[in-house]
There are 2 protein chains.
Amino acid sequence: MTTQSRATLADVARLAGVSSKTVSRVFADAGNVSVDTRERVLGSAKRLRFRPNNLARNLRRGGVTNTVAFVIGDLTNPFYFTVAAGIERELALHGLTMVLASTDDSPDSEERVVDALLSQRVRALLLIPIAEDQSYLDGERQLGTPVVSVDRPARNLIADSVVLQNRLGMAEAVRSLTAIGHRKIGFISNPSGIYTQRERLAGYREALREVGVTHTGHWERLDDDPAVSAEQAVQSLLALPDPPTAIVAGNNRGSAGAVRVLRDQDPPVAFIGFDDFELADALGISVVAYDPIELGRTAARLALGHLAEPDAFTKQVEIPTRLIRRGSGEIPPPR
Amino acid sequence: MTTQSRATLADVARLAGVSSKTVSRVFADAGNVSVDTRERVLGSAKRLRFRPNNLARNLRRGGVTNTVAFVIGDLTNPFYFTVAAGIERELALHGLTMVLASTDDSPDSEERVVDALLSQRVRALLLIPIAEDQSYLDGERQLGTPVVSVDRPARNLIADSVVLQNRLGMAEAVRSLTAIGHRKIGFISNPSGIYTQRERLAGYREALREVGVTHTGHWERLDDDPAVSAEQAVQSLLALPDPPTAIVAGNNRGSAGAVRVLRDQDPPVAFIGFDDFELADALGISVVAYDPIELGRTAARLALGHLAEPDAFTKQVEIPTRLIRRGSGEIPPPR
DNA sequence: ACGGGAAATGTCAGCGTTGTCCGAGTTTGT
DNA sequence: ACAAACTCGGACAACGCTGACATTTCCCGT
């Protein structure tokens, strides 16, 4: 009594005494079917537990599905998931579903994963570029599949992209520290190779240069080694002979580490994180915040827009950031 | 110069001067094709940007895809996303991809969303039941699609399920409070209708009954109204004429609220949350913890197991919880 | 009663792939 | 040297559905 085979249109048609096309009409078109027939068909379908096969339907209809792919690097990072939530919501408004795939932050697997998804004939592809080079996607793009790169720009590929105001956001944070007198400001982040971190680092340096601080190398902790935790990075900064009076973090992992170390630091060290987090308000941590849901929604909208207007120019969107002052970033330097 | 049509097996075959079956062999079987032909075919495929159409392949192969669906209630809840991460990982090991769909915690949309996914011929269905009744899935189950209900048992449906040790975990937390003398213990959670909350509430009552406390109603805050935040619930407990000396939270949202209110409470109120969270260690918050990734992996494994052995009995798995003592749960009652 | 037009239903082919079966060419065994 | 076995490649049909087009049925006015 296992797996009896699935009913098809033809089975339903036979039972209802109509042609399969009529059944098809009942389930798809909804046009030109008498109420009588319609009910008879629906009855038979129910009895046979019929469910239309979207595979066949989509194939027949020209190989387009209702699926949009989102390729994510690290699934356990809450940031990406929130972005995914935004994407899903926007897609749902248009009757599309999202498939999620992970490259496990491994550049090598990116093309493999993407390829598998494209074989599924996804309607559009959203991805967080991990590999060095996305030129392999150019063919697909020319075939009309919208490609949107999320959080980082794609390399060697013309594609829509949505990124954060990384540089500006970080510069604003650092400026708010220099405005109250800080000059010795540490920067922690890892890993350093990534676009977002490079941008934020640039913003940090830029803001410091504005107040005449040009040598920042010894205050930068950009550890590629994941074993070096944010906590250790902060500690190594504090252990300097001339330690910074303020620290900024380039990513959300840095914030948690910094909070742990800096809580019982005396004299207190100012801190501003990048990316808001739960309880940051209760803890009084100032952060550069942005709306990750909106990042996802925007990415989805770009894809949908491209679908509606295939010949439009490529768009680059920046999601604004804003500094939220909660106290930790307003601690003045000790005098 | 838009959307030139996509190359098919036949196109590649024509260019390579072979039959389409041979091209098919190159891309699928890998059997019985000479090295010469193989390379010629691959060359032509590349030139034409050919990519096999999985829609057609799956249809031909009998309508089975490599996709497993996970139907989630609320996309923004980090708990579900972590579960999803676990599912994705386990599936990836078996070459399957995950599609994620949301019911937006609306019982009405559950059947609609599930139906759409089943029409896509997903290989298995994992879902967090939201609706009152999942009997509508019985037909599909009989057709051989594994159905696994996650975090809550399905209702009126025979299906594998994975849930947490809700009752035991909560009871353990409360016992650890009663062991150090607490008797007046508040319980916050919302909404109350949900299985997990009912179970945890039962665990709470059970542990209190063991020490002779049977009237707990006035210490229970089970607000269905989402406008009543966890913070307000905690505050209303503290405002009682005879306020509790300890509070336990039935969900992760409760913890954040409790932390905010209880930080500057004097005399200090003991607290234990359900579900671990970032910085809980730094804040010294005791919690009942569990591994959400493992919850996801287990759900995926159940589905895979059912796929491998369709006639196996239905399985119910409980994911263990454990109490992590970090201080907030070890505060004794004031004397 | 009859023609005409719209509504309801049917026929047929084909979307892109692969399983089955078959044939031609090549190697192996005795 | 000849059958047997094996390798490589092709023709054809079918997976379940729908678009184009054809046909039947029904209703209405005159």
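So you know, we letter chains A, B, ... as the sequences are listed, proteins then strands, and number each from 1.
The listed nucleotides are dT17(C), dA8(C), dC17(D); the one nearest the side chain of Phe50(A) is dC17(D). Closest approach to the Ser24(A) side chain among dT17(C), dA11(D), dT18(D) is made by dT18(D) (side chain taken as heavy atoms from C-beta onward). For Asn32(A), counting side-chain heavy atoms from C-beta on, the closest listed nucleotide (dT9(C), dG19(C), dG19(D)) is dT9(C). Comparing dA7(C), dA11(D), dC17(D) by their closest approach to the side chain of Pro52(A) singles out dC17(D). Closest approach to the Thr8(B) side chain among dG16(D), dG16(C), dG10(D) is made by dG16(C) (side chain taken as heavy atoms from C-beta onward). Here the side chain of Leu59(B) is nearest to one of dG16(C), dG9(D), dT18(D), namely dG16(C).
Listed for the Glu110(B) side chain is a donor-acceptor partner under 3.5 Å among the backbone atoms of Ala131(B). The closest donor-acceptor contact from the side chain of Asp104(B) to the backbone of Ser106(B) lies at 3.5 Å or more, if one exists at all. Under a 3.5 Å cut-off, the side chain of Ser109(B) and the backbone N or O of Thr103(B) do form a donor-acceptor pair.
Taking only side-chain nitrogens and oxygens, Ser34(B) never comes nearer than 4.0 Å to OP1 or OP2 of dT7(D). OP1 or OP2 of dT9(C) has at least one side-chain nitrogen or oxygen of Thr37(A) nearer than 4.0 Å.
Computed from coordinates, the Phe27(A) CZ to dG16(D) C1' distance equals 13 Å when rounded to whole Å. Computed from coordinates, the Asp11(B) CG to dC15(C) C1' distance equals 13 Å when rounded to whole Å. Look at CZ on Arg38(B): it is 15 Å from C1' on dT7(D), rounded to the nearest Å. Look at CG on Asn53(B): it is 9 Å from P on dT18(C), rounded to the nearest Å. Rounded to whole angstrom, the span from the CZ atom of Arg57(A) across to the C1' atom of dG16(C) amounts to 18 Å. Between the CZ atom of Arg14(A) and the P atom of dG10(C) there is a distance of 14 Å, given to the nearest Å. Summarising the geometry, the separation between CG on Leu55(B) and P on dT18(D) is reported as 13 Å, rounded to the nearest angstrom. Taking atom CG on Asn58(A) and atom P on dT18(D), their separation rounds to 9 Å, with Å as the unit.
When the nearest nucleotides of DNA chain D are assigned to Val35(B) and Arg121(B) by heavy-atom distance, the more 5′-ward of the two goes with Val35(B). Sequence order on DNA chain D of the closest nucleotides to Leu9(A) and Ser19(B) puts Ser19(B) first from the 5' end.
Between the base of dT17(C) and the side chain of Arg60(B) there is no donor-acceptor pair shorter than 3.5 Å. For dG10(C), its base sits under 3.5 Å from the side chain of Arg25(A) at one donor and acceptor pair at least. Taking only distance into account, the side chain of Arg61(A) never meets the base of dG19(D) through a donor-acceptor pair shorter than 3.5 Å.
With respect to Arg301(A) and Glu294(A), a salt bridge is recorded, a charged nitrogen being found less than 4.0 Å from a carboxylate O. In this structure, Arg141(B) pairs ionically with Asp138(B), as a charged nitrogen and a carboxylate oxygen lie closer than 4.0 Å.
Residue contacts shown for Thr22(B) are limited to sugar-phosphate atoms, with no base heavy atom under 4.0 Å away.
Between Ser149(A) and Gln134(A) there is no side-chain heavy-atom pair separated by less than 4.5 Å.
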